[in-house]
Amino acid sequence: MGSLLTTRIEEAKAKGRKAVIPYLPFCHPDCERFWTEIEGMDAAGADVIEVGVPFSDPVADGPVIEEAVNECLERGACLKGILDGLAERKGKLHAAIVLMGYVNPFMQYGWEKFAADAAAAGVSGLIVPDLPYEEAGEIKALLRAQGLDLVPLVGLNTSADRLALYAEDASGFAYFVSVLGTTGARDSLPEEVFEKLTLARKAFTVPLALGFGIKTPEQAARFGDLADAVVIGSAIVSHTKAGGSAAQFLAPFLK
Amino acid sequence: MTPKKDTTPTDSGYYGEFGGRFVPELLMPPVLELTRAAQEIVASKEFQDEFTAILRDYVGRPSALYHCPNISRELGLEFWLKREDLNHTGAHKINNTIGQALLTKKMGKPRIIAETGAGQHGVATATAAAMLGLECVVYMGEIDVERQAHNVRRMELLGATVVPAKNGTKTLKDAVNLALKDWIANQRTTHYCIGSVIGPHPFPELVRDFQAVIGLEAKEQFAARTMGRLPDAVVACVGGGSNAMGMFHAFVPETSVRLIGVEAAGTGEPGCYHSSSLSQGTPGVFQGTLTKLLQTEQGQIEPSHSVAPGLDYPGVGPEHAWLQATGRAEYYCLKDDRALNAFFVLCRKEGIIPALESSHAVGWVLDNADRLPKGGNVIVCLSGRGDKDMGIVEEVLAKDPSAYSDIYSAKYAVKGPKEGK
Ligand SMILES: Cc1ncc(COP(=O)(O)O)c(C=O)c1O
C-alpha cells in the first residue's frame, strides 16, 4: 500500500497545482475551534494537514509558533487529545494527516504504543525536527511497521552525502526547510534555495515540500516545479489568532 | 552491574543508553564539524600546549588543594577543598570557556554565543572572548537578567552583548533554546559555547575534557601530600554537571574512590520546584540529548528551582545519568536551607565565602559525615566563590535573621537532617 501523503501530493499535481500543507498546533486558537479550523481547511481542499503536537521547548520554531504552542499547553493540549480527536474523525477527513512534534512527548507516550494508536486514528506520518538521521533508525522502523511515514527534514546546509542518506529510504514526502533559521513568515526567501532545492530534487524520488517562511502563493510559485508542495505555518497561526479562518487564508493557495 | 571504566562515548555520543544528538538536521553540519574539530584540533599537542599555558598564566592554575583544619577537626574526617573559586572570574566555568573560545578561533569563526543562568558562564565566555578577540553574545533569561544585574554589567564591560530570553519560563533553559536558534541561523560564523556537560554530542565530552583538569590536579596534589594515596570520596554539586564531571573524570577508573554528586532539592516541601534531575527525574530528550529530566508525564519540561541560580536547570549531563545507572557514582540532593547553613559554616570556620552552588556539595558532607569513613579523606570541589550570591544571602537573612544563628556550631550541622535517598 502506498503512502497517503504521497498520494495526496500527487493528486494535487495532477490538478496542476502545488499541494497545500497547512500547519496548526493542537488547541490553537482554542481547543474547540481547532477542530472547526481543521474541518474547514479539509473542506476547502487542503491536501495534507500538519497537526502540531505542543512541546514546551520548540527549538526549531520561531516566536509566533512558540507563543501559540505555549498557549496551547496552558489549555491542556496533549498527544492523547490529538489522537482521540482524530480517531473520532477517522474516515471523515479527505486530507492526509501528519503530526509535527518534538521527540520527548512521543517518547513519553511510548513510541510503540504511539505508532499503533496513531495508525488507528488515521495518522499517515510524522515530522520530528529534533530527530536527525542518526537517531531515527529504530523509531522509523517502528512507525513503518504501522504504515506511518517519517518525513525527513533537509535544508540549505544539507550536504549531498546527507541528502543521499535521507533519500535512501524516504517515504511520504521530504520537507525542505527554506531558511537557515526557525519557522516564521518571511518577506523573501534566500536565493540559495533555488540551487539547493535542485540538489534535493535530484536526490529524492518522493515529493518535495517547501516550508518555513512561506506566507504567499507567489513566494512558492517562484520555485516552479522544484517544489511539489508548500507548508504554511506561522502565517496561518497569526491569521487564526487574529480571528480569521484558516480555510479563508488557504483559498489563494488552492486556486 | 560492574562499574564502567571506559568513559569514551560511542561515535554517536552515547554513554550507555544516554546521550546522542537530538537536534534539527539544520544543526547537524555544525555539530559534525565540531565533532571533527574536537578530534583533530583539541587533541593536537599544539592546542593542548596553548590551552595549558593560558590556564596557567591567565586563569591561575593549578588551583590550590586546601585542607580545612577546623571543619576536619569537627567532622572527624580530613576535609579538603579543590579551590576552583580561586580561578580568574571566580568559578570553574573559565576552564571550559577558554577551551571552547580557543577552539572557535582555530576553527576560523569570529563569533561566539553562550547561554547563562546565574551569569557565571556568561562572564567566563565574555572574558575568554575578550581575551581571544571574538565577538560575543550571551543569552540570559529575562528573570535572571534582573536577578543577576551585577553579572550583566560585568559581561557588558567585557564587550559582550546580553540578550534577554523573554520566552517560556524566562530562565536558563529558555536562554539555551535561544542560543540554539541563533546557532541554527549563524552557524557559518558562530560557535555555540555550551556551559555544562549537556547538549548534543560532542558537547558533553568536550566540556568534560576541558574541565577534567580539576580532577587531574586534585588527584596529583592529593597524592603528593599523602605519599601517593587516593581520597576516599570526591564530592561536587551538580547543575548541568560540569564541575562534577571535571572532578570525577580522573577518578572514575579508581573504583575505591566514591564519586558523590549533590543536586539542589529546592525548599524541600512536597510539590516544590527543585533541580534534582538525577534523584527525582526520568529519562527523556531535551535540548539535544537523552538524559534524566524534570518533566510531566506528557513529556513537557517542568520549571526548576534552587536558591543557587547556577543549579537551576531541569536536565543534567548524560554521562552523569549513565554513571548513576551503572552505580559508579552516587547522587543525592540537598535542600536550600542546608546549603545556606553550609555557606555560613564555611565563611565562619574557614574564612572562605563559597558560591551557593558549591555550598550544596559542602553541605552534603557536613550533614552526612557519618556516611563517610571516620578519619577518611574527602575532597569537595569548591566550584566558585560566593561574592555573586551576596544579594540572595542578604535577602534570606532579612526574611529570617534567626534562621542561621546556629552557624557557630558545625556540630549542629553534622546532626542536621539527612538528605538523599
Ligand atoms: C559556581 C558554580 N558552580 C556550579 C555551577 C553548576 O554548573 P555545573 O553543574 O555545570 O558545574 C555553576 C553554574 O553556573 C556555578 O556558577
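In what follows, chains are A, B, ... by sequence order, proteins preceding strands, each numbered from 1.
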Query raised in the report: Which one of Gly155(A), Cys78(A), Pro129(A) has the most heavy-atom pairs closer than 4.5 Å to chain B?
Result: Pro129(A)
Query raised in the report: Relative to chain A, which of Gly299(B), Pro200(B), Ala185(B) shows the most heavy atom pairs under 4.5 Å?
Result: Gly299(B)
Query raised in the report: Using non-hydrogen atoms only, which part of Val103(A) is less than 4.5 Å away from chain B: side chain, backbone, both, or neither?
Result: side chain
Report task. Check each atom of Pro63(A) against the heavy atoms of chain B and say whether the ones under 4.5 Å are side chain, backbone, both or neither. Result -> neither
Query - Segment of Pro152(A) engaging chain B (4.5 angstrom heavy-atom cut-off) - result: neither
Under 3.5 Å, what donor-acceptor pairs does chain A form with chain B?
{"unit_1": "Pro54(A)", "atom_1": "O", "unit_2": "Gln300(B)", "atom_2": "NE2", "d": "3.0"}
{"unit_1": "Ser56(A)", "atom_1": "N", "unit_2": "Gln300(B)", "atom_2": "OE1", "d": "2.8"}
{"unit_1": "Ser56(A)", "atom_1": "OG", "unit_2": "Ile301(B)", "atom_2": "N", "d": "2.9"}
{"unit_1": "Asp57(A)", "atom_1": "OD1", "unit_2": "Lys173(B)", "atom_2": "NZ", "d": "3.2"}
{"unit_1": "Asp57(A)", "atom_1": "OD2", "unit_2": "Lys173(B)", "atom_2": "NZ", "d": "2.8"}
{"unit_1": "Asp57(A)", "atom_1": "OD2", "unit_2": "Asn177(B)", "atom_2": "ND2", "d": "2.8"}
{"unit_1": "Asp61(A)", "atom_1": "O", "unit_2": "Lys181(B)", "atom_2": "NZ", "d": "2.6"}
{"unit_1": "Glu66(A)", "atom_1": "OE1", "unit_2": "Lys181(B)", "atom_2": "NZ", "d": "2.6"}
{"unit_1": "Glu66(A)", "atom_1": "OE2", "unit_2": "Asn167(B)", "atom_2": "ND2", "d": "3.0"}
{"unit_1": "Asn104(A)", "atom_1": "OD1", "unit_2": "Val285(B)", "atom_2": "N", "d": "2.9"}
{"unit_1": "Asn104(A)", "atom_1": "ND2", "unit_2": "Gln295(B)", "atom_2": "OE1", "d": "2.7"}
{"unit_1": "Asn104(A)", "atom_1": "ND2", "unit_2": "Gly299(B)", "atom_2": "O", "d": "2.9"}
{"unit_1": "Gln108(A)", "atom_1": "NE2", "unit_2": "Pro283(B)", "atom_2": "O", "d": "3.0"}
{"unit_1": "Gln108(A)", "atom_1": "NE2", "unit_2": "Gln295(B)", "atom_2": "OE1", "d": "3.2"}
{"unit_1": "Glu135(A)", "atom_1": "OE1", "unit_2": "Tyr14(B)", "atom_2": "OH", "d": "2.4"}
{"unit_1": "Glu135(A)", "atom_1": "OE2", "unit_2": "Arg21(B)", "atom_2": "N", "d": "2.7"}
{"unit_1": "Asn157(A)", "atom_1": "ND2", "unit_2": "Leu26(B)", "atom_2": "O", "d": "2.8"}
{"unit_1": "Asn157(A)", "atom_1": "ND2", "unit_2": "Gln187(B)", "atom_2": "OE1", "d": "2.7"}
{"unit_1": "Arg162(A)", "atom_1": "NE", "unit_2": "Glu25(B)", "atom_2": "OE2", "d": "2.8"}
{"unit_1": "Arg162(A)", "atom_1": "NH2", "unit_2": "Glu25(B)", "atom_2": "OE1", "d": "2.9"}
{"unit_1": "Tyr166(A)", "atom_1": "OH", "unit_2": "Glu25(B)", "atom_2": "OE1", "d": "2.4"}
{"unit_1": "Glu192(A)", "atom_1": "OE2", "unit_2": "Arg188(B)", "atom_2": "NH2", "d": "3.4"}

Report summary line: Whatever's closer than 4.5 Å to a heavy atom in chain B on Val179(A) counts as backbone
**Report entry** Region of Leu290(B) in contact with chain A, defined by heavy-atom distances below 4.5 Å
**Finding:** side chain
Query raised in the report: Between Val176(B), Val285(B), Leu293(B), which has the largest tally of heavy atom pairs under 4.5 Å with chain A?
Result: Val285(B)
